[in-house]
A.B. asks: 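Sharing a structure with you now.
All chains are named by letter (A, B, ...) in the order of the sequence lines, taking the proteins before the strands, and each is independently numbered beginning at 1. Not measured: the values here are computed from a predicted model. Worth knowing before you read on, the calculation uses all heavy atoms, side chains too, and leaves out hydrogens, waters and symmetry mates.
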Protein chains: 2
Amino acid sequence: MQTAIHLLSALAEPTRLGAIRLLWDGREHCLCELMRELDATQSRMSRHMAALKHAGLVVDRRDAQWVRYRRNPHLSDNLGIIVDAVLASLPDAATRKAA
Amino acid sequence: MQTAIHLLSALAEPTRLGAIRLLWDGREHCLCELMRELDATQSRMSRHMAALKHAGLVVDRRDAQWVRYRRNPHLSDNLGIIVDAVLASLPDAATRKAA
DNA sequence: CTTTTATATATGGTAATGCGCATATGCGGT
DNA sequence: ACCGCATATGCGCATTACCATATATAAAAG
């Protein structure tokens, strides 16, 4: 129960949900890229990513100056299904790039 | 996006999630029953149910002194799938009655 | 060793959330 | 009309969440 609550709280914030959407392409993204895409300030983005990491949704890796975030490959199936369902519910406009 | 966030916030609270779990049996439950099952005070339970109603997850109906709550039958498929996935992730202990 | 770029964190302010308590309201029974 | 049960709501408080600003850390480059 506690686990599900933590996951839901982590997802229930626009910037964090946006980050999950971007990271769910399976690739790595550095903080600076997420900042740009989601139009977030540096400290905001950093804190939100720390929250997602703490919730076990993502993992990070130092690469020179950058910190690369990616989907946690060991995320349990139960929880992965929730994330997928949430992302599937988002309007396409959220998925398409501003372009 | 806004819709998903509202749903997630509504679910991200133990008493509310517990109520959803109980109501997802498809039947009606009065507030007093939910209070008892979830060990919540009257005002707490009432407010949480108001939140779930506002989020569109449940509907209510006056029946004499009681207010009967039930799953919103017009909940969109996208959102219903999320709720189902969340409930499926809960440990069995949460689903089984205290007996 | 200083500068630049990327990221994290400390600080302090504001707003949102959840709660208990008290009170109000709705409804049936007497 | 009054009482009692079920539910809703006003109020104040405590906790938490989110934010911007400023500063600290880390790594690469010159």
A.B. asks: Walk me through it: do A:D60 and A:K53 pass the test salt bridge (charged side-chain N to carboxylate O under 4.0 Å, His left out)?
C.D. replies: CA-CA 8 Å; A:D60 63 351; A:K53 184 177 157 186; 3.0 Å; yes
A.B. asks: Classify the nucleic acid contact of B:T41 as base, sugar-phosphate or nothing, counting any heavy atom under 4.0 Å across all strands shown.
C.D. replies: sugar-phosphate
A.B. asks: Is there a side-chain contact between B:T15 and B:L34 in this structure, where contact means two heavy atoms from C-beta onward sitting under 4.5 Å apart?
C.D. replies: no
A.B. asks: Would you say B:V86 and B:V83 make side-chain contact, with heavy atoms under 4.5 Å?
C.D. replies: no
A.B. asks: Counting N and O atoms only, with roles assigned by atom type, does the side chain of B:H54 sit under 3.5 Å from a partner on the main chain of B:A50, one being a donor and the other an acceptor?
C.D. replies: no
A.B. asks: Using a cut-off of 4.0 Å on non-hydrogen atoms, how would the nucleic acid contact of B:S46 be classed: base, sugar-phosphate, or nothing?
C.D. replies: base
A.B. asks: Please answer whether the main-chain N or O of B:I5 pairs with a side-chain N or O of B:S9 as donor and acceptor at a distance below 3.5 Å.
C.D. replies: yes
A.B. asks: For a 4.0 angstrom threshold against heavy atoms of chain A, report the outermost contacting nucleotides of DNA chain D in 5' to 3' order.
C.D. replies: D:dC18 to D:dA28
A.B. asks: A:Y69 side chain N/O closer than 4.0 Å to the phosphate oxygens (OP1, OP2) of C:dA6?
C.D. replies: no
A.B. asks: May I ask you to list the residues of residues 26-33 of chain A, by number, that have any heavy atom positioned under 4.0 Å from an atom of DNA chain C?
C.D. replies: A:C30, A:L31, A:C32
A.B. asks: When the distance from CD of A:Q65 to C1' of C:dA8 is rounded to whole Å, what number comes out?
C.D. replies: 15 Å
A.B. asks: Distance check needed: C:dT9 P versus A:Q42 CD, whole Å only.
C.D. replies: 11 Å
A.B. asks: Which residue, B:N72, B:L75, B:L23, forms the side chain to side chain contact (heavy atoms under 4.5 Å, CB included) with B:L57?
C.D. replies: B:L75
A.B. asks: Quick check: do A:I81 and B:S89 have side-chain heavy atoms less than 4.5 Å from each other?
C.D. replies: no
A.B. asks: Whole Å only: how far is the CH2 atom of A:W66 from the C1' atom of C:dA8?
C.D. replies: 17 Å
A.B. asks: Within the structure shown, what part of the strands sits under 4.0 Å from A:R68 by heavy-atom distance: base, sugar-phosphate, or nothing?
C.D. replies: nothing
A.B. asks: So A:V59 and A:R70, do their side chains get closer than 4.5 Å, heavy atoms only?
C.D. replies: yes
A.B. asks: Provide, to the nearest angstrom, the distance between the CG atom belonging to B:L8 and the P atom belonging to C:dT17.
C.D. replies: 14 Å
A.B. asks: Answer with base, sugar-phosphate or nothing: what part of the nucleic acid does B:T15 contact at a heavy-atom distance below 4.0 Å?
C.D. replies: nothing
A.B. asks: If you take any heavy atom closer than 4.0 Å to DNA chain C, which residues from residues 47-63 of chain A end up in contact?
C.D. replies: A:R47
A.B. asks: Should we count CG of B:D63 as having more than 12 external heavy atoms under 6.0 Å?
C.D. replies: yes
A.B. asks: Look at atom CZ of B:R27 and say whether more than 12 heavy atoms of other residues, nucleotides or ligands are closer to it than 6.0 Å.
C.D. replies: no
A.B. asks: Return the nearest nucleotide to the side chain of A:V67; candidates are C:dT7, C:dT5, C:dG18.
C.D. replies: C:dT7
A.B. asks: What distance do A:M49 atom CE and A:R44 atom CZ have between them, rounded to the nearest 0.5 Å?
C.D. replies: 13.0 Å
